[in-house]
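Residue numbering restarts at 1 for every chain, and letters A, B, ... go by the order of the sequence lines.
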2 protein chains.
Amino acid sequence: MSDQVTIEDVARACGVSRATVSRVINGESRVRPQTIEKVNEAIRALGYHPNLHAKALSGGGTDTVALMLPGVWRSYHAILIEGVEEVASREGFHVLVRTKDYLEEAERLFDEGRVEGFIFRNMDRAEEHAKLFSRLARRGIPFLLIGNPLGDYPAIAIDNVGGGRMVARHFLEHGFRRMLYLSGPADHADSQDRYFGFRVGLEEGGLGPEAILRAEGDYTTRSGFEAAARLIPELEPEAVFAANDRMALGVLLYLRKRGLGVPGDMAVVGFDDAFFSEYLSPPLTTVRPPIHEMGTTAMKTMASILRKPGSLTGKIILPTSLVVRASCGCPFAPGEGSPLFDGSFNSE
Amino acid sequence: MSDQVTIEDVARACGVSRATVSRVINGESRVRPQTIEKVNEAIRALGYHPNLHAKALSGGGTDTVALMLPGVWRSYHAILIEGVEEVASREGFHVLVRTKDYLEEAERLFDEGRVEGFIFRNMDRAEEHAKLFSRLARRGIPFLLIGNPLGDYPAIAIDNVGGGRMVARHFLEHGFRRMLYLSGPADHADSQDRYFGFRVGLEEGGLGPEAILRAEGDYTTRSGFEAAARLIPELEPEAVFAANDRMALGVLLYLRKRGLGVPGDMAVVGFDDAFFSEYLSPPLTTVRPPIHEMGTTAMKTMASILRKPGSLTGKIILPTSLVVRASCGCPFAPGEGSPLFDGSFNSE
DNA sequence: TACAAATGTGAGAGCGATTACACAATGTAG
DNA sequence: CTACATTGTGTAATCGCTCTCACATTTGTA
């Protein structure tokens with residue numbers, strides 16, 4: 001505040017003009033090596049840092065992107081942020097995180113010049129998102145989506161379909177023929193895709209859609225518990241595939257309460273590979289999404305969009321993997337004999 | 001980029017000068033109501049948003065703060081960010097999150113004019129932090145600490161001592177006389193304070209320091225497991241107080257592997273109330289820190305520091321609470337008979 | 001009625017950078 | 001040895017806003 005060192009100071013300190021200093025800073029053409037040296041020396045000596053706002057105002061970029069996150073999904077988002085920030089800091093970008101009212105505030109962030117682009121972790125409210133995205137696209141504002149592709153906009157997605165398909169195949173290997181899919185909110189794309197993959201996988205194994213029973217939750221443990229309580233006694237599936245691990249946990253809790261053994265009486269598989277999943281009893285078989293990698297990929301993509309305009313981007317789909325533990329009915333290999341402990345600690 | 005609407009445009013549109021428009025925007029003195037109306041109308045009509053950089057350059061504030069987080073502690077940080085962002089967005093601030101190299105980059109962020117203040121979640125590396133903080137303080141740069149008070153700098157902390165003390169008292173109620181404290185890294189203040197409170201609590205109950213055995217971990221589940229494996233057979237405590245829930249989990253895993261019952265053969269209590277803690281078998285008794293509230297409090301404090309310079313701030317200590325479940329030896333009241341399920345779902 | 005005080009508005013000087021343009025010094029070719 | 005690139009550097013306009021100062025108009029007071 002008080003002691004701003006300006007480009008003028010540097011210029012004066014080594015007897016050149018502001019223009020020359022600016023050229024040195026931006027590694028531009030035609031400055032005598034000797035002058036470069038002198039200027040850099042002064043910059044270091046004075047502790048000079050170019051003022052962002054002056055730079056931005058006179059045409060330079062701000063190298064700032066906004067990461068827009070809906071306000072739930074705690075550890076998931078933390079990992080995402082870490083991934084984004086990791087690449088951002090490496091590439092010289094800065095990350096503004098926005099959680100509240102991010103739909104309403106997005107354009108303003110851009111109009112004020114705060115950010116040059118957006119990374120959205122769009123979840124529900126597909127309508128509003130679509131509207132915003134089409135406005136951004138029309139205005140040529142760079143943005144990309146994490147998680148839920150929408151329209152033709154650039155997106156980083158995980159292979160939900162592939163994940164669902166892997167679960168289906170695995171269930172088939174176990175010989176199940178009557179399965180319950182516990183979905184998230186009906187309009188949620190992730191959940192839909194997982195279901196689709198699940199169905200495809202079963203079909204590939206010769207089972208029609210009638211083999212799949214359906215229940216709907218809202219991703220919370222409680223909703224998993226309640227859906228299980230509501231439908232399991234009635235439908236009596238052999239196996240449950242929950243759209244996320246929390247709901248799978250809810251199912252587990254219900255089954256335990258009812259005295260039903262897992263996987264003895266019923267198999268349960270989740271999606272997300274949450275921190276707690278490997279510690280459940282039995283350890284939960286689940287599908288692991290590459291969250292951190294989504295973050296890094298998103299930021300890398302955004303960086304290249306901003307640095308070299310014209311670089312066109314489509315959808316990038318990152319592979320998921322099936323983490324086989326015990327709740328599906330598999331013998332749990334890595335164990336020490338303890339159902340609570342798989343010895344890997346790999347989620348830390 | 002192309003279609004910046006400037007203050008000049010607005011001025012022209014309603015036949016006044018830039019100065020007047022500026023006054024209206026900043027709610028300043030002495031503008032005729034009628035003119036205000038006219039200007040606001042034009043602003044709305046043109047979709048005008050003041051350019052951040054121009055504003056900042058000409059003396060205005062940027063209302064941006066940096067949230068500096070060490071790169072671990074996933075869900076913890078997510079909750080913190082949410083808290084900070086919640087208040088920030090409400091108060092018109094913006095949050096830049098930095099994880100990598102935040103010690104080295106902090107001053108630059110300020111010198112470039114990117115941010116007006118810092119919120120640090122400082123953990124290890126006390127030396128380097130102290131050095132940075134003293135520089136910031138000398139330069140009059142606003143900052144505050146979350147979690148680990150250091151020197152006289154403004155800080156938001158949780159009552160680690162109180163938490164440790166509550167655990168001690170609770171252990172005493174159970175009649176334990178020989179306890180193991182499983183600390184985090186030796187130089188970690190949180191862990192030290194929890195230990196201190198624990199000791200105080202025991203002393204208040206008439207037990208000297210010799211009643212406390214000590215082991216050191218690094219906050220990971222694995223380190224908890226290994227410390228337990230290394231020391232429990234030798235020391236044979238009646239109860240273990242781990243500096244965090246993950247290590248407590250490690251202890252639980254070890255005990256289970258050894259066939260020791262919890263709380264029958266040994267009581268275990270953690271700290272943090274992590275997501276998984278209530279689902280462990282047995283549900284883990286632990287100390288809950290008000291993480292979200294730390295975030296909101298931090299941002300509120302920062303906002304008032306920035307808005308009204310001179311408002312002095314000291315340390316704010318937020319209370320912790322003991323979450324009594326079953327691992328301490330208490331009957332687990334809310335249960336449905338199931339050790340995995342406490343029926344509350346309250347961490348979602 | 002006269003003059004001071006308050007009120008409302010405009011002109012213009014920065015803020016700290018970038019960058020187009022001008023110009024001097026040096027190098028090269030005819 | 002002139003003519004013309006090439007190279008290195010400086011001058012000054014510009015970005016969009018705030019804010020001081022000056023000035024015009026209205027209101028209040030004696």
Side-chain angles (χ1 to χ4, degrees), chain A residues 1-40 42-43 46-64 108-116, chain B residues 1-40 42-43 46-64 108-116:
Chain A
M1 28 184 67
S2 48
D3 48 352
Q4 249 284 45
V5 180
T6 76
I7 197 171
E8 180 71 49
D9 299 328
V10 176
R12 205 168 14 230
C14 48
V16 299
S17 72
R18 301 201 309 278
T20 301
V21 177
S22 175
R23 288 186 188 106
V24 171
I25 293 166
N26 299 298
E28 232 178 76
S29 56
R30 304 192 304 187
V31 184
R32 195 166 40 181
Q34 181 186 345
T35 311
I36 295 184
E37 186 54 42
K38 198 170 53 177
V39 170
N40 276 327
I43 288 179
L46 295 174
Y48 166 71
H49 293 285
N51 180 289
L52 167 72
H53 307 295
K55 183 172 173 174
L57 197 54
S58 54
T62 64
D63 293 343
T64 308
R108 169 211 282 265
L109 287 182
F110 182 86
D111 287 335
E112 290 184 348
R114 279 185 190 276
V115 303
E116 301 186 296
Chain B
M1 28 183 69
S2 47
D3 47 354
Q4 252 282 45
V5 179
T6 75
I7 198 173
E8 180 71 49
D9 299 328
V10 176
R12 207 169 11 231
C14 47
V16 299
S17 72
R18 298 200 312 278
T20 300
V21 177
S22 176
R23 288 188 188 103
V24 171
I25 293 167
N26 299 299
E28 233 177 77
S29 56
R30 304 192 304 188
V31 183
R32 197 166 39 179
Q34 179 186 347
T35 311
I36 295 184
E37 187 52 44
K38 198 169 54 176
V39 170
N40 277 327
I43 288 178
L46 294 173
Y48 167 71
H49 293 284
N51 180 288
L52 165 73
H53 306 295
K55 182 172 172 172
L57 198 53
S58 55
T62 64
D63 294 343
T64 308
R108 170 211 281 266
L109 288 183
F110 182 86
D111 287 335
E112 289 185 348
R114 279 185 190 278
V115 303
E116 301 185 295

To the nearest angstrom, how far is [X] atom [atom1] from [N] atom [atom2]?
X	N	atom1	atom2	answer
Ile7(B)	dT18(D)	CD1	C1'	8 Å
Arg12(A)	dT9(D)	CZ	P	19 Å
Ile36(A)	dG8(D)	CD1	C1'	11 Å
Glu37(A)	dG8(D)	CD	C1'	17 Å
Asp111(B)	dC15(C)	CG	C1'	17 Å
Tyr48(B)	dG16(D)	OH	P	10 Å
Glu8(B)	dG16(D)	CD	P	10 Å
Arg32(A)	dA25(C)	CZ	P	12 Å

Checklist line | Nearest-neighbour nucleotide for the Val31(B) side chain, dT9(C), dA17(C), dC17(D) considered | finding: dT9(C)
Note to self: Can you confirm whether the side chains of Arg23(A) and Thr35(A) place a donor and an acceptor under 3.5 Å from each other?
What the structure shows: no
Checklist line | Point-to-point distance, once rounded to the nearest 0.5 Å, from NZ of Lys55(A) to CD1 of Ile7(A) | finding: 10.5 Å
Next item on the list: Search all heavy atoms of Ala11(A) against all heavy atoms of Val21(A) and return the closest pair with its distance.
Entry: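 For Ala11(A) and Val21(A), the tightest heavy-atom pair comes out as CA-CG2, 3.7 Å.
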Check: Taking all atoms of both residues into account, what is the closest heavy-atom pair of Thr62(A) and Gly113(A), and its distance?
Finding: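 Nearest pair, atom of Thr62(A) first, then Gly113(A): CG2-O, 3.9 Å.
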Item checked: Heavy-atom donor-acceptor pair, Asn40(B) side chain to Glu37(B) backbone, under 3.5 Å -> no
Within less than 4.0 Å of OP1 or OP2 of [N], is there a side-chain N or O belonging to [X]?
X	N	answer
Ser22(A)	dT19(C)	no
Asn51(B)	dC15(D)	no
Arg23(A)	dT19(C)	no

Margin query: Need to verify one output field. Residue with the more 5' nearest nucleotide on DNA chain C, Gly59(A) or Ala54(A)?
Written below: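 With Gly59(A) and Ala54(A) compared, the 5'-side residue is Ala54(A).
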Notebook entry, point to check: For the side chain of Ser58(A) and the base of dC15(D), is some donor closer than 3.5 Å to an acceptor across the two?
Noted result: no
Notebook entry, point to check: Arg32(B): what forms a salt bridge (charged side-chain N to carboxylate O under 4.0 Å, His left out) with it, not counting sequence neighbours?
Noted result: none
Next item on the list: Go through residues 14-21 of chain A and report each residue with a non-hydrogen atom lying under 4.0 Å from DNA chain D, sorted by number.
Entry: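 Within this stretch, Gly15(A), Val16(A), Ser17(A), Arg18(A), Ala19(A), Thr20(A) sit under 4.0 Å of the strand.
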Check: Salt-bridged, Asp9(B) to Arg12(B), with N to O below 4.0 Å?
Finding: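 Looking at Asp9(B) and Arg12(B), the cut-off is met.
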